[in-house]
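Report on the structure given below.
Chain identifiers are assigned alphabetically (A, B, ...) following the order of the sequence lines, protein sequences preceding nucleic acid strands; residue numbering begins at 1 within each chain. Fair warning: this is a prediction, and the values are worked out from it, not measured in the lab. Computation of the quantities below employed the complete heavy-atom set of this structure, encompassing side-chain atoms and omitting hydrogens, waters and symmetry-equivalent molecules.
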Protein chains: 2
Amino acid sequence: MKQLILASTSTLHNETYLAYLLPELQHFFKDVDEIVFVPYAQPGGISYNAYTEIAKKAFEEIGLKIKGVHEFEDAKEALKTAKAIFVGGGNTFRLVNQLYVLNLMDTLRDSIDKGVPYLGTSAGSNIAGLTMQTTNDMPIVDPPSYTTLGCIPFNLNVHYIEPDKNSTHKGETRAVRIKEFHTVADIPVVGLREGSWLRVQGDEIRLEGHLSAVLFNKNEEPFTVPPNHLF
Amino acid sequence: MKQLILASTSTLHNETYLAYLLPELQHFFKDVDEIVFVPYAQPGGISYNAYTEIAKKAFEEIGLKIKGVHEFEDAKEALKTAKAIFVGGGNTFRLVNQLYVLNLMDTLRDSIDKGVPYLGTSAGSNIAGLTMQTTNDMPIVDPPSYTTLGCIPFNLNVHYIEPDKNSTHKGETRAVRIKEFHTVADIPVVGLREGSWLRVQGDEIRLEGHLSAVLFNKNEEPFTVPPNHLF
């Protein structure tokens, strides 16, 4: 049975990396002692090693070992035999590109389908959707395809936020951007606020955390769903 | 001699479409009576006709006619023989895709190189840069290439804004996103605030409007340049 946690963000304001999620993760990963970490999204362009160190430090607190997928001789084999997988945030274009270039997208999906627990944060959550077309990131590389894992039957918009009502900024809001997406696709989009995560168990998808989320369906007004909503 | 106005935004807070730019545009387009409008970026997904109507209405105020490139039988011929060109904002991926699909990117560049006055706003300004990799838009379509017109020797980040210092939001700032871009490319990026535009005359590129801009060079701290700065 599929087991995923898809978090909007790794880090909350004034908190350390993953701090708000650690109690949940301790439970989620209770049957494993090592997690294979995928650092390909390289937030801010940091190295795979530097990024893996950040993840290691966070998981040490709950007694779990982290090994970067790049530290294995064979990345595909590492994802195939992983007991648990964590794909960190950063640039979604870079992450998706690297998964395709290394021919790992199908391997990752197969492991998730087998029931290997999967944690995604930010870009790592984006790729669990049907496509990466609702990412907020810049197209710094051009991946072979925008199609992603499709572990959930919709797309995510992570770090979801409504515009500040007092703002004078005229750049497009998330809602306008998602409306543009809906002129070319009929895929629902869930705007997931920082501090929220989706808990996937087989076909059940639950909104967790204390915050609401926003569901955007094509040709409908966006609507708010409360915590514990089942998608 | 190349003649371009590349504006960060079409519209300022509490103003009508293009209002802040009209005095400048009246001067810029003084030798033409009709402008070919390219509506391919379709902001919010509106139709080519609806978008063209918005542009028509704004230019009526300064006595200029607008005709949508889609209203011509042959779009390539329309851009080749245009006396002036305006590419409006919206989704940069859609705009670039459509220009490639219709084989218009080279035609557009040729007309600009010949000296046809070109106005870009937002996505229409993005495409004057070397690549579209520093757009803020969502990848709703997958263009054949991210390479754009290269009328200026750098990239733009339009609707540029610094994060609110009181914000608790953890999504990447523009500066972080541009830093990620600089891990894969050595192209300078100019963060152009709403209300600013670049005035290109041949090889001279001047920052116009009352606001500063921010210049991001690879491996350097971003620095602020004042109005009238020559790039």
Side-chain angles (χ1 to χ4, degrees), chain A residues 8-15 41-47 89-94 96-97 122 131-147 157-161 164 167-185 189 193-195, chain B residues 8-15 41-47 89-94 96-97 122-123 131-147 157-161 164 167-172 174-185 189 193-195:
Chain A
S8 175
T9 185
S10 61
T11 314
L12 290 179
H13 182 65
N14 280 339
E15 292 192 8
Q42 297 186 268
I46 60 169
S47 72
N91 185 292
T92 308
F93 290 84
R94 173 141 36 192
V96 170
N97 187 62
S122 192
T131 79
M132 55 163 284
Q133 286 164 289
T134 49
T135 175
N136 310 307
D137 299 329
M138 281 183 181
I140 63 172
V141 293
D142 191 356
S145 168
Y146 291 160
T147 300
N157 179 251
V158 299
H159 300 285
Y160 180 77
I161 190 168
D164 175 357
S167 172
T168 61
H169 186 66
K170 299 292 288 184
E172 291 90 341
T173 63
R174 297 291 172 93
V176 168
R177 295 178 193 285
I178 292 167
K179 195 174 170 190
E180 289 175 357
F181 170 62
H182 277 147
T183 63
V184 298
V189 180
R193 295 181 205 281
E194 296 181 346
Chain B
S8 175
T9 185
S10 62
T11 315
L12 290 179
H13 182 66
N14 280 340
E15 292 192 7
Q42 297 185 268
I46 61 169
S47 72
N91 185 291
T92 308
F93 290 85
R94 172 142 34 192
V96 170
N97 186 62
S122 193
T131 79
M132 55 162 283
Q133 287 165 288
T134 49
T135 176
N136 311 306
D137 299 329
M138 282 184 180
I140 63 171
V141 293
D142 191 355
S145 168
Y146 291 160
T147 300
N157 179 250
V158 298
H159 299 285
Y160 180 77
I161 189 167
D164 174 358
S167 172
T168 60
H169 187 65
K170 299 293 287 183
E172 291 90 340
R174 298 289 172 94
V176 168
R177 295 178 193 284
I178 293 168
K179 195 174 170 188
E180 289 176 357
F181 170 62
H182 277 147
T183 63
V184 299
V189 180
R193 296 182 204 281
E194 295 180 345

_So which atom in B/Ile140 and which in A/Val184 form the shortest heavy-atom distance, rounded to 0.1 Å?_
O-CG2, 3.3 Å

*Return the orientation label for the A/Phe93 and B/Tyr146 ring planes: parallel under 30°, perpendicular over 60°, tilted otherwise.*
perpendicular

*Of the backbone (N, CA, C, O) and the side chain (C-beta and beyond), which part of A/Thr134 lies under 4.5 Å from a heavy atom of chain B, both, or neither?*
both

*Mind checking the CZ-CE spacing from A/Arg174 to B/Met138? Nearest 0.5 Å is all I need.*
6.0 Å

*Please state whether the side chain, the backbone, both or neither of A/Asn157 comes within less than 4.5 Å of a heavy atom of chain B.*
side chain

*Which region of A/Arg193, side chain (C-beta onward) or backbone (N, CA, C, O), has a non-hydrogen atom less than 4.5 Å from a non-hydrogen atom of chain B, or is it both or neither?*
neither

*For the student: nearest non-hydrogen atoms of B/Thr168 and A/Glu194, plus distance*: O-OE1, 4.0 Å

*Side chain, backbone, both or neither: which part of A/Leu12 has an atom under 4.5 Å from a heavy atom of chain B?*
backbone

_How close do A/Pro139 and B/Gln133 get, counting heavy atoms only, and between which atoms?_
O-CG, 3.0 Å

*Side chain, backbone, both or neither: which part of A/Val141 has an atom under 4.5 Å from a heavy atom of chain B?*
both

_Distance (rounded to the nearest 0.5 Å) between A/Asp142 CG and B/Met132 CE_ = 8.5 Å

*B/Thr9, B/Asn91, B/Thr131: which one forms the most heavy-atom pairs within less than 4.5 Å of chain A?*
B/Asn91

*Using a cut-off of under 4.5 Å on heavy-atom pairs, state which of A/Thr135, A/Val158, A/Ile178 scores highest against chain B.*
A/Thr135

*In terms of heavy-atom proximity below 4.5 Å to chain A, should B/Thr11 be classed as side chain, backbone, both, or neither?*
both

*Sub-3.5 Å donor-acceptor pair from the side chain of B/Glu180 to the main-chain atoms of A/Gly44, do we have one?*
yes

*asked:* Which heavy atom of B/Asn136 sits nearest to which heavy atom of A/Arg177, and what is that distance?
replied: O-NH1, 3.0 Å

